[in-house]
Amino acid sequence: MNAPQKAGYWYLLTGLLLGLMAGLLYAWWVAPVDFQNASTPASLRADFKDEYRLLAASAYAANGNLERARVRLALLGGDPLSMLAEQTQRLMAGNASAESVRLLSLLAEAFQSPTVEVANPGNASTSQTDVPQVNSSASPLPTLDDAAFAPPVTQLAPVTPVPSQPTLAALLPTRILAPHAPSATPGAPFALLDQISFCAPENPGLLEIRLLNAADVPAVGIPIIITWPGGEETIFTGLKPDIGGNGYADFEMTPGVEYVLQLSANTTRITGLLTSTCVDSAGSAYPGGLQLEFQQP
Amino acid sequence: MSPQRWFFFLLSILAGMGMGLLYGWELNPVQYVDTAPNTLREDFRADYALMVAEIYQTEQNPQNAARRLALLGSQPPAEIASAALQFSRANGYDERDIQRLQTLTLALQIFSPAGGLP
């Protein structure tokens, strides 16, 4: 009497499993949720994310609104600063346009140094309220499980009206109105803090450069132009974070050649950079290095 | 099998299907990765267009703006900008942002890719 009863339960379970499999098959393969016009920036392909990041950096250069740029990059997922630095390095390695590198560096520098924003009069027109807000209300399109894709920031919405607005041209600093000017970084030009000769047989003739911004934070992605008779090379800080941190860059000097270093759109210029002469423990001479430390006042 | 058992068997299949659909559509839907900007949700599209409008305000280059907007779909750039403008109006964007989108839309409406501005 018990056996038929148990068989009854089994066929119910079998039916449930068959139905479950059929339901999943239909929901995942036959008619999955239509994500057309419903994806988030976090789900974009890597190259489109790069494009999005560059667009946000360009928009920041145009409007000076750092908070808005921060929210936009947060939508892409990951750490915005490291993503910016990584993309900048990739662009430099791929010989991309200097303008793209400059825009990304500008935004990275602004993220690192809050004082840059204070010094930026462009923000007078873009107060905290002028930032895409997180809106937990219903989406205009069918709601998706955004948590599965990205940070829970999804709805870019309406911003609070701000009272009066001076003209953009009056508010934006010159460096923004002239985007093609070779501006290395926002803020004041870098000033030389220290210049030391050193002897390191493992790195003969190395010119080490360290940059700090006004907030004492290593300045990443800053172009440094080094010229010598018959040659010129541009190096960037932050490409060797494992050696000297984000504000570090180096260059190998040739003994007997005099180098000139230029920074901050040529406003900072150090001339007469030469290797020194060092002697190792065996009595052999080798070229010594130079350490230069700069900071924005 | 008795008719009653057939009935419960079919009922259990339907219940399983319901659970499968609920799980596959709502609880754990298919996750798309490596999407293109043309699949972005409407509010993200509007913000993308707003970025283009902000850049246009400084650059004043409709060709660059059209090229950037082309990532949002195959429609004419002016239509994409116009859709973003409508979204911004309907969702109470800041007046300056609406103005930026309006300026961009107007510029793209009179822009012809071949010959530039008439």
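Naming: A, B, ... by sequence-line order, numbering from 1 per chain. Computed from a prediction, not measured in an experiment: that's the story for all the values here.
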Subject >> Top contributor to chain B interface from A:Leu25, A:Leu20, A:Asp47 [non-hydrogen pairs under 4.5 Å] >> reply: A:Leu20
Original post:
To the nearest 0.5 Å, how far apart are CD1 in B:Ile13 and CG in A:Leu16?
Top reply: 9.5 Å
Original post:
Do B:Met17 and A:Tyr26 pass the side-chain contact (heavy atoms from CB on, under 4.5 Å) test, and can you show the C-alpha distance, the side-chain angles, and the key distance before you say yes or no?
Top reply: CA-CA 9 Å; B:Met17 281 183 73; A:Tyr26 190 79; 6.0 Å; no
**OP:** Report yes if some heavy atom in the side chain of A:Arg68 is under 4.5 Å from a heavy atom in the side chain of B:Leu50; otherwise report no.
**Re:** yes
Subject >> Most chain A-contacting option - heavy-atom pairs closer than 4.5 Å, from B:Val52, B:Ile55, B:Leu11, B:Leu14 >> reply: B:Ile55
Subject >> Region of B:Ile98 that comes under 4.5 Å of a non-hydrogen atom in chain A >> reply: neither
Original post:
Which one, B:Gly24, B:Ser12, B:Gly20, leads in non-hydrogen pairs under 4.5 Å with chain A?
Top reply: B:Ser12
Original post:
Can you name the nearest heavy-atom pair linking B:Val30 to A:Ala27, along with the distance?
Top reply: CG2-O, 4.3 Å
**OP:** Check B:Leu40 against A:Leu44 and note the closest heavy-atom contact, atom names and distance.
**Re:** CD2-CD2, 4.2 Å
Original post:
How about A:Tyr11 and B:Trp6: do any of their side-chain heavy atoms sit closer than 4.5 Å?
Top reply: no
Original post:
Has the side chain of A:Ser43 got a donor or acceptor atom that lies under 3.5 Å from a matching backbone atom of B:Thr35?
Top reply: no
**OP:** Quick one: pull up CG in A:Leu18 and CZ in B:Phe9 and give me the separation to the nearest 0.5 Å.
**Re:** 5.5 Å
**OP:** Would you indicate whether the side-chain heavy atoms of A:Phe48 and B:Asn38 approach each other to under 4.5 Å?
**Re:** no
Subject >> Greatest number of heavy atom pairs closer than 4.5 Å to chain A - which of B:Pro37, B:Gly18, B:Ala46 >> reply: B:Pro37
Original post:
What do the steps show when you test B:Asn28 against A:Trp28 for side-chain contact (heavy atoms from CB on, under 4.5 Å), and what is the final call?
Top reply: CA-CA 9 Å; B:Asn28 188 16; A:Trp28 282 344; 4.0 Å; yes
**OP:** Starting at CG of A:Leu24, measure out to CH2 of B:Trp25 and round the result to the nearest 0.5 Å.
**Re:** 11.5 Å
Original post:
With no hydrogens and no angle check, is any side-chain donor or acceptor of B:Thr39 less than 3.5 Å from a backbone partner on A:Ser39?
Top reply: no
**OP:** Rounded to the nearest 0.5 Å, what's the gap from CG on A:Asn63 to CD on B:Gln57? Could you check?
**Re:** 8.5 Å
Subject >> Least distance between heavy atoms, B:Glu54 atom then A:Ala59 atom >> reply: OE1-CB, 3.2 Å
